[in-house]
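Throughout, residue positions are numbered sequentially from 1 according to the sequence presented.
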Amino acid sequence: MNKKISLGLALALVFISIAVTVSITMAVSMRSYNSIIKDLPSRFKLYSTVSELDDMVRSNYYGEINDALLSADLSSGYAKGLGDRHSYHMTAAEYAIYQDELAGKKIGIGIIPFYHPTEMAIYVAEVSENSPAAMAGLTKGDKITEINEEPVTAYNYNELMQKLTGDNLSTVVLTYQHADGSVLHSSVVKGYNAQTVYTSLNDMVGYIKITEFYDTTAGQLKKAVDDLMNQGATSLIFDLRGCQNGTIAAATSTLDVLVPVAGEGTGALATAKAKDGTVKKTFTAEADSVSMPMEVLVDRETSGPAELFACDLRDYGKAQLIGETTAGNGTMQEAFPLSDGGAIVLTMALIEPYVSEPYNGSGLTPDHAVELSAEKRAILPVLPQEEDEQYQKAFSLLTKNNANS
C-alpha cells in the first residue's frame with residue numbers, strides 16, 4: 001500500500017536538506033577561511049619586508065636595477081629560505097634544460113667527462129652508444145688533453161668541460177689519447193639523446209651503471225639486461241654510486257623491469273604522502289620481472305630516486321646493498337612552472353618504499369659495509385674494477401653463488 005506525504009512535510013524535508021547542505025558548506029569554508037586568516041600575519045610581514053626593501057633600494061641605490069635579474073634572484077632567495085636543499089628555483093633557460101633532461105634529451109657530445117686531479121686531464125668515464133663522441137671514435141678511458149686547441153689545466157678544466165655541452169649542432173674540437181698512447185684529433189658535433197645506463201660483462205657477471213633516472217632509463221635498462229643475458233650473464237651488479245638526479249616516477253618505471261607485481265608491504269613500489277598524511281600518489285608494478293642474482297653498489301652520494309631503487313630491490317629480496325650508508329633523501333620533488341617561464345622545484349611528499357620504513361634523513365644502511373679510501377673515491381668514475389673493493393665484494397658474492405648453484 002503506497003503512502004503519500006503531505007505537501008507541508010515535503011517542503012519541510014527540502015528545507016532541512018538545504019539547511020544541512022549549507023551547514024556543511026559553511027563548515028568547510030570556515031576551516032579554509034581560518035587557515036588563510038591564520039597565515040595572513042606572517043604573509044603580510046613577508047610582503048611588507050620585501051616592499052620596504054624594494055622602496056629603499058629604488059630610492060637610494062646609485063646603480064642601474066635589472067628587474068629581470070632582481071626577480072630571478074628574489075625567487076631563488078625565496079626557495080633557499082625554505083632551508084631545503086632539494087627545493088630550488090630555476091630560470092626559464094634552466095627549466096627548459098631541466099625538462100629536456102627528464103625527457104632523456106641532452107645537448108652534448110655523449111660522454112661523461114671526469115677531471116683527474118693528479119694527472120690534470122679530462123678522462124672519458126663513459127661513452128653513450130651511437131652518440132657523436134662514439135661516432136668520432138672516443139672510447140671509455142680516453143684522456144682529453146685539449147679542447148678547441150686549449151690545453152686542459154687545473155685552472156680551466158671546469159670552463160673547458162662546459163664546452164662539451166650546450167649549443168646543439170655546434171662543433172667542439174678535441175685532442176685525446178687512447179690507452180695505447182696514440183694521440184688523435186676529432187671535430188665532434190653536439191646533440192644526442194642522453195644515455196643513463198652503461199654496461200660491461202666480467203666472466204658471467206653483468207655490470208650495469210645507472211647515472212640518472214629519467215623517462216628513457218627504463219627502456220635502456222631493459223635493453224641492457226637483455227643484451228647482457230644474450231652475452232651469457234647469469235647475475236647482475238647495479239652501480240648507483242653518485243646517482244642523484246631524476247624522478248621517483250622514472251625510478252619506479254625502471255624498477256618495474258626487474259620486479260613483479262607488488263603484493264607485500266604497502267602493495268606498491270612506492271607511496272608518496274603529503275605532510276598531513278594523505279596519499280599524493282602510488283607507484284605500482286606490472287607482472288614481468290627478471291630472475292637473476294643481483295647486488296647493488298651504493299655510497300654516500302646515492303640519493304633520491306636511486307635510494308628508492310636500491311631499497312625496493314632489497315625489499316623484494318632481489319639484492320643486497322654493498323658500500324656506504326646512502327644520502328637519506330626519501331622525499332619526492334615536483335616542478336611548478338612560473339609565469340616568467342621559470343619554475344620552482346618543491347619537496348612535496350615523503351616516500352614510503354615497498355616494505356621498509358621511510359629512510360628520509362637516515363639513509364640506507366648497506367648489508368655489506370665496504371669503504372673506499374678518499375683517494376679512490378676522488379677518482380671513482382675512472383677507478384679500475386680490479387682496484388674497486390666495493391665492486392670486488394659484489395663480484396665475489398655473485399661468483400660464489402654461481403659456483404654453489
Side-chain angles (χ1 to χ4, degrees), residues 69 76 85 88 90-91 93-94 97-98 100-101 105-129 131-192 194-196 198 200 209 211-212 239 241-245 299-303 327 371-391:
L69 180 61
S76 178
R85 63 191 180 93
Y88 56 94
M90 292 181 286
T91 64
E94 291 168 339
I97 294 172
Y98 172 86
D100 281 345
E101 287 186 345
K105 299 176 184 176
K106 277 189 178 180
I107 298 175
I109 66 171
I111 68 169
I112 296 180
F114 173 75
Y115 177 71
H116 200 300
T118 57
E119 299 192 22
M120 290 187 293
I122 296 171
Y123 275 82
V124 178
E126 298 287 354
V127 181
S128 297
E129 185 179 355
S131 67
M135 300 298 183
L138 274 82
T139 59
K140 181 176 180 177
D142 283 350
K143 178 180 179 181
I144 300 174
T145 56
E146 293 183 10
I147 297 177
N148 289 344
E149 300 183 345
E150 185 174 352
V152 177
T153 70
Y155 304 101
N156 68 1
Y157 72 92
N158 263 325
E159 179 185 346
L160 290 182
M161 283 203 291
Q162 294 301 315
K163 297 182 184 297
L164 302 176
T165 61
D167 299 327
N168 194 24
L169 300 182
S170 63
T171 300
V172 61
V173 180
L174 304 180
T175 300
Y176 58 97
Q177 181 178 325
H178 278 323
D180 61 7
S182 59
V183 177
L184 302 169
H185 306 273
S186 290
S187 295
V188 187
V189 178
K190 303 174 191 176
Y192 74 107
Q195 185 173 334
T196 57
Y198 299 87
S200 63
K209 170 69 177 176
T211 57
E212 292 100 3
D239 191 347
R241 293 174 295 182
C243 183
Q244 302 178 347
N245 297 328
D299 65 8
R300 64 193 68 180
E301 295 182 0
T302 303
S303 179
E371 291 274 346
L372 292 181
S373 66
E375 293 76 17
K376 288 184 176 181
R377 285 201 307 272
I379 60 167
L380 182 59
V382 292
L383 182 67
Q385 289 180 342
E386 59 269 21
E387 299 177 24
D388 183 346
E389 290 93 345
Q390 292 169 344
Y391 172 86

Within a strict 4.5 Å, meaning less than it, do heavy atoms of the [X] and [Y] side chains meet?
X    : Y    : answer
N245 : T196 : no
I147 : L174 : yes
I144 : I111 : yes

Notebook entry, point to check: Can you check whether Y155's main-chain N or O pairs, donor with acceptor, with T153's side chain at less than 3.5 Å?
Noted result: yes
Check: Between D180 and S182, is there a donor-acceptor pair closer than 3.5 Å when you use the side chain of the first and the backbone of the second?
Finding: yes
Check: Rounded to the nearest 0.5 Å, how far does OG1 of T145 lie from CD of E150?
Finding: 12.0 Å
Checklist line | Which residues share a ring pair (Phe, Tyr, Trp, His ring centres under 6.0 Å) with H185, sequence neighbours left out | finding: none
Check: What pairs of residues pass the salt bridge (Lys or Arg N to Asp or Glu O under 4.0 Å) test when at least one of them lies in residues 107-125, not counting sequence neighbours?
Finding: E119-K143
Note to self: According to salt bridge (Lys or Arg N to Asp or Glu O under 4.0 Å), does anything in residues 375-386 pair up with another residue at least two apart or in another chain? List the pairs.
What the structure shows: K376-E389
Checklist line | Between Y198 and T211, a side-chain donor and acceptor under 3.5 Å | finding: no
Notebook entry, point to check: For D388, what residues pass the salt bridge (charged side-chain N to carboxylate O under 4.0 Å, His left out) criterion, not counting sequence neighbours?
Noted result: R241
Notebook entry, point to check: What residues, two or more places apart in sequence or in another chain, satisfy salt bridge (charged side-chain N to carboxylate O under 4.0 Å, His left out) together with E146?
Noted result: none
Note to self: If the condition is side-chain hydrogen bond (donor to acceptor under 3.5 Å, both in side chains), which residues does N158 pass it with, not counting sequence neighbours?
What the structure shows: none
